[in-house]
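Values below: every heavy atom of this structure, side chains too, minus hydrogens, waters and symmetry copies.
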Amino acid sequence: MAWEWVIPLLIAAATSYGATSMFVVRMRNFALDVPNNRSMHSVPVPRTGGWALLLGCLVAIVLGPLELPLLVAAAFVLLLGVSALDDLRDVAIRYRFSVHFLAVILLLFALPERLDWWVYPIVTLAGVWVVNLYNFMDGMDGLAGTMALVGFSSLGVICALNGDIELAWFCAVVAVCASVFLIFNWPPAKIFLGDAGSTGIGLAVVAVSLFGWRRGAFEFWMPVVIFAPFWLDATYTLLKRMVTGQRWWEAHRQHFYQKCAIQIGVRKALILQLGAMMLCSLVVVVVAIFGRA
């Protein structure tokens, strides 16, 4: 039975690696992220790394024993469709946000248990924010991939401890494909996630958080703490830009990680962020372990 889970993971890693290599070597001029005065990079870099990462995840899901609910699959298809199009050409923000809302709503209706009516608007707004914060934070080499690797690995361990093997395996798939992406995205990055990859991982965070919570794999606050290094920086910066009347939806260089990278360098800033991620995840995993004792 274990090979039913392991073999798809290995094939997913190989698929992600092969696809990413193709984008880096043979399609390096396709869907480029051209630097501007807000960018953290100085030369054009492909933003198709997320396509390769998600292709690996898709292969694992198709070959593995996990059956994805129809509404969950529809949510990801809709989101990735508009996000991939946005990687190739700019899509108006009203269309992107409409799809983001629809994707999160589909996830909510796919949950095994209904929520209280007043919870739906709150969780919907929070879910849409999570989808977008990964996009907002995908601006420094290695950052988004590292958060995906650490975050999903931690949630996967907690799910396994509590007996939800299916959800643990899904977390392992994302973590493995994120680790492959990091081979090419570690400073200096040869490829970026792009909108498809960043919003896709964001929706995966929402899906695992909601299903893990409702299936009893972990408490609701656990993914909130694990991904705190991402949402705290993004939320504080967003609120500050909204309060000061700035165009909050546009790219900028006001995040903490951006300021830190400018002052001490990308590699040191990434190590600092990695330390924060590991600390938050360790706290949650330890609590989960002792909670079982």
Side-chain angles (χ1 to χ4, degrees), residues 50 53-54 57 71-72 74-80 82-83 86 93 96-111 115 119-140 143-156 158-159 167 170-171 173-175 177-178 193-215 217-239 241-242 248-249 251 255-257 273 276-277 280-281 284:
L53 186 155
L54 295 171
C57 293
L71 290 179
V72 174
F76 277 94
V77 168
L78 288 172
L79 178 71
L80 298 180
V82 72
S83 298
D86 195 48
I93 189 171
R96 282 185 283 139
F97 269 95
S98 296
V99 173
H100 296 173
F101 270 97
L102 179 57
V104 174
I105 290 171
L106 288 175
L107 288 183
L108 289 173
F109 279 103
L111 291 175
L115 306 174
V119 177
Y120 282 98
I122 298 174
V123 176
T124 299
L125 290 174
V128 172
W129 172 229
V130 171
V131 170
N132 281 273
L133 77 82
Y134 240 96
N135 194 14
F136 293 156
M137 296 293 284
D138 180 30
M140 186 176 78
L143 182 62
T146 300
M147 184 73 261
L149 174 58
V150 173
F152 281 97
S153 296
S154 303
L155 287 179
I158 296 171
C159 289
L167 207 54
F170 180 82
C171 290
V173 168
V174 180
C177 291
L193 276 175
D195 279 8
S198 58
T199 58
I201 293 177
L203 189 63
V205 173
V206 177
V208 171
S209 299
L210 289 175
F211 276 84
W213 168 45
R214 300 309 294 171
R215 287 163 58 151
F218 47 72
E219 299 293 335
F220 185 77
W221 63 268
M222 289 183 173
V224 174
V225 174
I226 288 173
F227 288 93
F230 250 40
W231 69 262
L232 281 175
D233 189 353
T235 303
Y236 171 78
T237 305
L238 173 71
L239 293 175
R241 286 173 61 80
M242 292 177 67
W248 56 268
W249 59 89
H255 287 295
F256 169 78
Y257 78 84
Q273 289 284 330
M277 295 173 192
C280 291
S281 296
V284 176

**Q** Under the criterion side-chain contact (heavy atoms from CB on, under 4.5 Å), I'd like the reasoning laid out for Phe211 against Val72: C-alpha separation, chi angles, the key distance, then a yes or no.
**A** CA-CA 11 Å; Phe211 276 84; Val72 174; 3.8 Å; yes
**Q** Give a yes or no on whether the backbone of Leu133 and the side-chain of Trp231 come within a donor-acceptor separation of less than 3.5 Å.
**A** no
**Q** When rounded to the nearest 0.5 angstrom, what is the spacing between SG in Cys280 and CD1 in Ile226?
**A**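 Taking SG in Cys280 and CD1 in Ile226, the distance rounds to 9.0 Å.
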**Q** Once you round to the nearest 0.5 Å, how far does CZ of Phe152 lie from SG of Cys159?
**A** 10.5 Å
**Q** If you round to the nearest 0.5 Å, how far is CH2 of Trp213 from CH2 of Trp221?
**A** 15.0 Å
**Q** Would you call Val174 and Val208 a side-chain contact if the rule is heavy atoms closer than 4.5 Å?
**A**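 No, their side chains stay 4.5 Å or more apart.
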**Q** Provide the closest heavy-atom pair for Phe218 versus Ser209 in the form atom of the first, atom of the second, distance.
**A**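 Phe218 and Ser209 have their closest heavy atoms at CE1-O, 3.6 Å.
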**Q** Might you work through the side-chain contact (heavy atoms from CB on, under 4.5 Å) test for Ser154 and Val284, ending with a clear yes or no?
**A** CA-CA 8 Å; Ser154 303; Val284 176; over 6 Å; no
**Q** Measure the shortest side-chain to side-chain distance between Thr146 and Met277 over non-hydrogen atoms and say whether it is less than 4.5 angstrom.
**A** yes
**Q** Looking only at non-hydrogen atoms, find the nearest pair between Ala110 and Leu71 and report the distance.
**A**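 Looking at all heavy atoms of both residues, the closest pair is CB-CB, 3.7 Å.
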**Q** Scan Phe256, Tyr134, Tyr236 and name whichever one has a ring pair (Phe, Tyr, Trp, His ring centres under 6.0 Å) with Phe230.
**A**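 That would be Tyr134.
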**Q** Listing request: all salt bridge (Lys or Arg N to Asp or Glu O under 4.0 Å) pairs with a residue in residues 198-210, at least two apart in sequence or in separate chains.
**A** none
**Q** Are any non-hydrogen side-chain atoms of Val131 and Asn135 less than 4.5 angstrom apart?
**A** no
**Q** Begin from the C-alpha positions of Asp86 and Thr199 and carry the test side-chain contact (heavy atoms from CB on, under 4.5 Å) through to its verdict.
**A** CA-CA 11 Å; Asp86 195 48; Thr199 58; over 6 Å; no
**Q** Given side chains that start at C-beta, do those of Pro223 and Val205 come closer than 4.5 Å, heavy atoms only?
**A** no
**Q** Ignoring hydrogens and geometry, is there a side-chain-to-backbone donor-acceptor pair from Thr235 to Leu232 under 3.5 Å?
**A**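 Answer holds: no.
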**Q** Give, for atom CD1 of Ile158 and atom CD of Glu219, the distance between the pair rounded to the nearest 0.5 Å.
**A** 10.5 Å
**Q** Which heavy-atom pair separates Gly200 from Leu80 by the least distance, and what is that distance?
**A**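 Nearest heavy atoms, Gly200 then Leu80: CA-CD2, 3.9 Å.
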**Q** Minimum heavy-atom separation for Gly145 to Ala178, with atom names?
**A**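 Closest approach of Gly145 to Ala178: O-CB, 4.0 Å.
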**Q** Side chain of Tyr120, backbone of Leu108: donor and acceptor closer than 3.5 Å?
**A**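 No.
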**Q** Looking only at heavy atoms, what is the nearest atom pair of Cys57 and Val173, with distance?
**A** CA-CG1, 3.7 Å
**Q** CZ of Arg214 to CG of Leu115: how many Å apart, nearest 0.5 Å?
**A**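 If we round to the nearest 0.5 Å, Arg214:CZ and Leu115:CG are 5.0 Å apart.
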**Q** Determine the minimum heavy-atom distance between Ala144 and Leu193, stating which atoms define it.
**A** CB-CD1, 3.7 Å
**Q** Donor-acceptor pair, distance only, cut-off 3.5 Å: does the side chain of Asp233 make one with the backbone of Tyr257?
**A** yes
**Q** Can you tell me how far apart CG (Leu107) and CG (Leu210) are? Round to the nearest 0.5 Å.
**A** 6.5 Å
